[in-house]
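Chain letters run A, B, ... following the sequence lines, proteins first and then strands; every chain starts at 1.
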There are 2 protein chains.
Amino acid sequence: MTRKLQKATLADVAREAGVSMMTVSRVIHGTGRISEDTRQHVRQIIEKLEYRPNRAARTLVTKRTNMIAFVVPDITNPYFTEILQGVEEFFWREGYNVMLANSNENPEREKALLDQLESTMVDGVIVCASRLSDDELIPLIEKHAAIVTVNRNLPHHLGSVVTTLHPRGYRAVLAAKYLYETGRRRIGYVNLVRSISSVNLEMFMHELEDLNIAVNPSWYATCKPTWQAGYDTGKVLLAQHPELDAVIAGNDLVALGVMRAAVEQGLRIPQDLAIIGGDDILMASQVTPPLTTFRSDKYSIGTMAAELLLRRVEGDLTYYEHHYDDVLIIREST
Amino acid sequence: MTRKLQKATLADVAREAGVSMMTVSRVIHGTGRISEDTRQHVRQIIEKLEYRPNRAARTLVTKRTNMIAFVVPDITNPYFTEILQGVEEFFWREGYNVMLANSNENPEREKALLDQLESTMVDGVIVCASRLSDDELIPLIEKHAAIVTVNRNLPHHLGSVVTTLHPRGYRAVLAAKYLYETGRRRIGYVNLVRSISSVNLEMFMHELEDLNIAVNPSWYATCKPTWQAGYDTGKVLLAQHPELDAVIAGNDLVALGVMRAAVEQGLRIPQDLAIIGGDDILMASQVTPPLTTFRSDKYSIGTMAAELLLRRVEGDLTYYEHHYDDVLIIREST
DNA sequence: TTGCAAAAGGTTAGCGTTAACTCATATAAT
DNA sequence: ATTATATGAGTTAACGCTAACCTTTTGCAA
């Protein structure tokens, strides 16, 4: 059994089958008028030669790659992975492949990625939790034919959007409200770094004042959305502010890092410190005590984003907006 | 500011710059002899027209896509994600993009994926923890120019390999030995489904007999490598065999599922039941009690696999083998 | 018998690049 | 002054496929 070095081309199949290339092409696509006999015969030759269409050639003429890109800040974050799974599943069924573009929480890299992707490589892009400011992001995506963003608003003509039901950043306010109702009075907040984090924080303080909840800027910190960052930030925050009786974190990974830091400092959870996370990753329900957090059906977020992208890829440039429900799931960490 | 509908091509740049297409091509690749003046001028025009090379056209003539595929059974499993991160990082630096092929633990889908990938789409493929038997896998990868497998042996001429230092399946024996030494006498084993799982199990029993450790086939189960499967399997196994005083799981996700099931049945860990996992995912160290497991530096596994693949992509078809160290990390679950 | 349409398939051209070759000019060596 | 050589380009022909148009054959109503 020798290894096939040269792949068969359409021309090879056509020659072997004694028909024109177009006939073979038509058989492959199931288009045009072909007699049943010819069809069968061509199919046999395709099998025999193990012909596989050359994607690049096809792309060159059709301008379609059947590939979409998923741009994400951190592929090890389970939140994004589950979304990705939804996206992958959806597009697999539709005959598309998914290219992964991991910016590794690095805005410069995200830019480079988005810029590269322009090279006729993908039919569309899903941008997940972009770390870029509008001023940076917009010029980069203007050139793409089809865009959908997750957790990020966009000028309507640029692409469709999947976001939370609650306005971005408002979840922390809900969390604070709940904590206040359960008797907590000094509430810390570990926000996630992103372009709009300062806006987030201001709104947070403003709303808390309206609710008559104690506000103290030094109780609030900002960190990267990783477990390690949450742990480091929690350590400092809790050491400097032993008066805190609750902490809200931007996402679960950070919340769990803070929880670890708290435990190491001898705090009992929830007796001494209540903790709330943000996206209900698997780990949140598995730690002791289980983490109170906001529900998010990540797989659905993925399929919704994929569906919206497919519409744009197929030429429907209407703006659509999907919202996913993110209610508070109360567990034993509060 | 109107949106550019037509992308600029090499021909456009050439015309605008008043040179031939080859000159532009040479400037882009930094090859051939070009005067500094021309180079600068062409660069300016490229900027001005926002020219980006068309990948498909380039691929058609060079036969290189600058894209590699990462085939993985479950993208939500943190074990694979961290490997993927290593792969992505490495190839990003080398100017390659990574295509994600998620088989979702479905062998048929893995086959389809591998078959599809043949269409001149990728320069190489990393196959991670394949769920296919050798008979299925080998014909599928024979056609690819460059292959590297992770946790899977391969005929040497087909591709390079990254595996554990301990022969596959032998870890469970090590775990059993350790458990025996710490006083456990009735050791359960939840193996992972894969093509070689029965071989695994037989070896396990054989080795245990040699060590004079009690063997009982009904203490051993097999399940999918997910938390849920581990939980379900653990529930049944522990209910039917309350005599068990230890369980070894194929990976951490399963171990944590079993742990949950055990806790729900009122077992104290490690007093009533010791548990050992398999790949040291983040969650393993975060649950209570922290899970005893085998170390695996997943990021390095990724970069090693990537490095080996790059060699093959670049034409060095020597067989290389990388082993990663997987020592037992003893935590409080045992 | 003519006419005409549907069926079945062929021809031509071009998608945007690059490899391989060719050609003109300037400079250096004889 | 003449030949060699390097420099700085340009030309031509693919790469493998498909869109758009064109041709032939056959069946059948008028």
Just call it for B:Thr59: base, sugar-phosphate, or nothing, with non-hydrogen atoms closer than 4.0 Å on any strand.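 If one applies the 4.0 Å heavy-atom cut-off, B:Thr59 turns out to touch nothing in the nucleic acid.
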
Can [X] and [Y] be counted as an ion pair, charged N to O under 4.0 angstrom?
| X | Y | answer |
| --- | --- | --- |
| B:Arg93 | B:Glu89 | yes |
| A:Arg152 | A:Asp134 | yes |
| A:Glu108 | A:Lys111 | yes |

Below 3.5 Å is the cut-off: list the nitrogen or oxygen pairs between protein and nucleotides 13-17 of chain C, distance only.
| residue | atom | partner | partner atom | Å |
| --- | --- | --- | --- | --- |
| C:dC15 | O3' | A:Lys63 | NZ | 2.9 |
| C:dG16 | N2 | B:Ala57 | O | 3.4 |
| C:dT17 | OP1 | B:Tyr51 | OH | 2.6 |
| C:dT17 | OP1 | B:Asn54 | N | 3.1 |
| C:dT17 | OP2 | B:Leu10 | N | 2.5 |
| C:dT17 | O5' | B:Tyr51 | OH | 3.2 |

Backbone N or O of [Y] within a donor-acceptor pair of the [X] side chain at under 3.5 Å?
| X | Y | result |
| --- | --- | --- |
| B:Ser160 | B:Tyr320 | yes |
| A:Arg131 | A:Asn106 | no |
| B:Arg109 | B:Asn102 | yes |

Using only heavy-atom distances, determine whether the side chains of [X] and [Y] contain a donor-acceptor pair under 3.5 Å.
| X | Y | value |
| --- | --- | --- |
| A:Arg64 | A:Tyr96 | yes |
| B:Glu36 | B:Gln40 | yes |
| A:Glu321 | A:His323 | yes |

Rounded to the nearest 0.5 Å, how far apart are CG of B:Asp135 and CD1 of B:Ile138? 7.0 Å

Measure [atom1]/[X] against [atom2]/[N] and give the value in whole Å, please.
| X | N | atom1 | atom2 | value |
| --- | --- | --- | --- | --- |
| A:His41 | C:dA8 | NE2 | P | 17 Å |
| A:Arg15 | D:dG16 | CZ | P | 11 Å |
| A:Met22 | D:dT23 | CE | C1' | 15 Å |
| B:Arg64 | D:dC15 | CZ | C1' | 16 Å |
| B:Arg39 | D:dT7 | CZ | P | 13 Å |
| A:Arg33 | D:dG27 | CZ | C1' | 14 Å |

Reckon [X] has a side-chain N or O less than 4.0 Å from the OP1 or OP2 of [N]?
| X | N | result |
| --- | --- | --- |
| B:Thr23 | D:dG8 | no |
| B:Thr38 | D:dG8 | no |
| A:Ser20 | C:dT11 | no |
| A:Thr62 | D:dC17 | no |

Are any of the side-chain heavy atoms of B:Val125 and B:Ile68 separated by less than 4.5 Å? no

If we fit an axis to the first five pairs and another to the last five of the helix from C:dT1-D:dA30 to C:dT30-D:dA1, what angle do they make, to the nearest 10°?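 The value is 50°.
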
Mark up nucleotides 21-26 of chain C, 5' to 3', with B wherever a protein heavy atom is under 4.0 angstrom from a base atom, S wherever such an atom reaches only the sugar-phosphate, and - elsewhere. B-----

